[in-house]
Amino acid sequence: MNKTYITNSEAQTKEIAASISNEIKNGGVVCLFGDLGTGKTIFTKGLAESLGIENISIKSPTYTYIRHHKKNGKNIYHIDLYRLEQIDELLALELNEIMQNKNNIIVVEWADKMKNILPKKRIDVEISYTDENSRKIKITEHK
Ligand SMILES: Nc1ncnc2c1ncn2[C@@H]1O[C@H](COP(=O)(O)OP(=O)(O)OP(=O)(O)O)[C@@H](O)[C@H]1O
Ligand SMILES: [Mg+2]
């Protein structure tokens, strides 16, 4: 599943996110790459909603890097590494532990900051700005 999309609205971005929910509904790692304000959190929200989580905090986590949501027995982790230069050893350990459980659904904003510990099997989502309301979204599945 390697695709490139153009989206012209938040709603469209959420639909694109929902289109990968089948691939990760039983577990998986989704890595979001893209500059400030390109729509990583909107994408995360669309993905979470399609998995049945309505109230995922749309704002980026301020005090923690990891937000955990549990719904219908599914564990979803929303990780946002924006404020970090690089992850430290302790956070790396914590992230590795979360990623070891293959049933966990993990969505990472600013995933480039943990590139050294990203699993081989993951879905990369690269979002880039094309215009005020449009974005290019490139989805690459690594097996
Ligand atoms: N096609 C689009 N898809 C997604 N968001 C869009 C689109 N067009 C405009 N926007 C706007 O872009 C912004 C995206 O914000 P969002 O918080 O999702 O970005 P982000 O990549 O998570 O930023 P940050 O790096 O600060 O975490 C929102 O204000 C949204 O309304
Ligand atoms: Mg964000």
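Whatever order the structure lists ligands and atoms in, that order sets their numbers, starting from 1.
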Look at Glu49 together with Lys45 and state whether they make a salt bridge at an N to O cut-off of under 4.0 Å. yes
Looking at Glu132, which atoms of ligand 1 are within less than 4.0 Å of one of its heavy atoms? 8 (N), 9 (C)
Under the 3.5 angstrom rule, does the side chain of Lys113 hit a backbone N or O of Asp80 as a donor-acceptor pair? no
Would you find a donor on one side and an acceptor on the other, under 3.5 Å apart, between the side chain of Asp131 and the backbone of Asn133? no
Please check if Leu90 and Met99 belong to a single hydrophobic cluster, counting links between Ile, Leu, Val, Met, Phe, Trp and Tyr side chain heavy atoms closer than 4.5 Å. no
Is there any ring pair (Phe, Tyr, Trp, His ring centres under 6.0 Å) pair reaching into residues 103-139, and which pairs are they, with sequence neighbours excluded? Tyr82-Trp110
Looking at Asn8, which atoms of ligand 1 are within less than 4.0 Å of one of its heavy atoms? 1 (N)
So, 2.8 Å as the limit: is an N/O/S atom of Tyr82 located closer than that to the Mg ion (ligand 2)? no
Using a 4.0 Å heavy-atom cut-off, say whether Phe43 meets ligand 1 through its side chain, its backbone, both or neither. neither
Can you check which of Ile42, Ile16, Asn133 brings a heavy atom nearest to atom 8 (N) of ligand 1? Asn133
Look at the side chain of Lys71 and the backbone N and O of Leu51, then say whether any donor-acceptor pair between them is shorter than 3.5 Å. no
Hydrophobic cluster membership, with links at side-chain heavy-atom distances under 4.5 Å among I/L/V/M/F/W/Y: are Ile42 and Ile6 in one? no
Any idea which atoms of ligand 1 are less than 4.0 Å away from a heavy-atom of Trp110? 25 (O)
Checking side chain to side chain donor-acceptor pair (under 3.5 Å) between His78 and each of His68, His69, Glu109, Arg67, which is the one that passes? Glu109
When you group the ILVMFWY residues by side-chain heavy-atom contacts below 4.5 Å and let the links chain together, are Leu95 and Leu84 in the same group? yes
Any Gly37 heavy atom less than 4.0 Å from ligand 1: yes
Could you check which of Leu36, Thr41, Ile6, Leu32 puts a non-hydrogen atom nearest to atom 26 (O) of ligand 1? Leu36
Can you sort out which atoms of ligand 1 are near Glu109, meaning under 4.0 Å from one of its heavy atoms? 22 (O), 27 (O)
Have a look at Glu10, Arg135, Lys136 and point out the one with the heavy atom closest to atom 9 (C) of ligand 1. Arg135
Would you indicate which of Ala17, Ala11, Gly39, Ser134 comes nearest to atom 16 (P) of ligand 1 when only heavy atoms are counted? Gly39
About how many Å separate CG of Leu81 and CD of Gln86, when rounded to the nearest 0.5 Å? 9.5 Å
Output yes if Glu109 passes the N/O/S-under-2.8 Å test against the Mg ion (ligand 2); output no otherwise. yes
Numbering as shown, the atoms of ligand 1 that approach Ser9 to under 4.0 Å (heavy-atom distance): 1 (N), 2 (C), 3 (N)
Any idea which part of Thr13 is under 4.0 Å from ligand 1, heavy-atom wise: side chain, backbone, both or neither? side chain
Is there a polar contact, in the sense of an N or O pair closer than 3.5 Å, between Asp80 and ligand 1? no
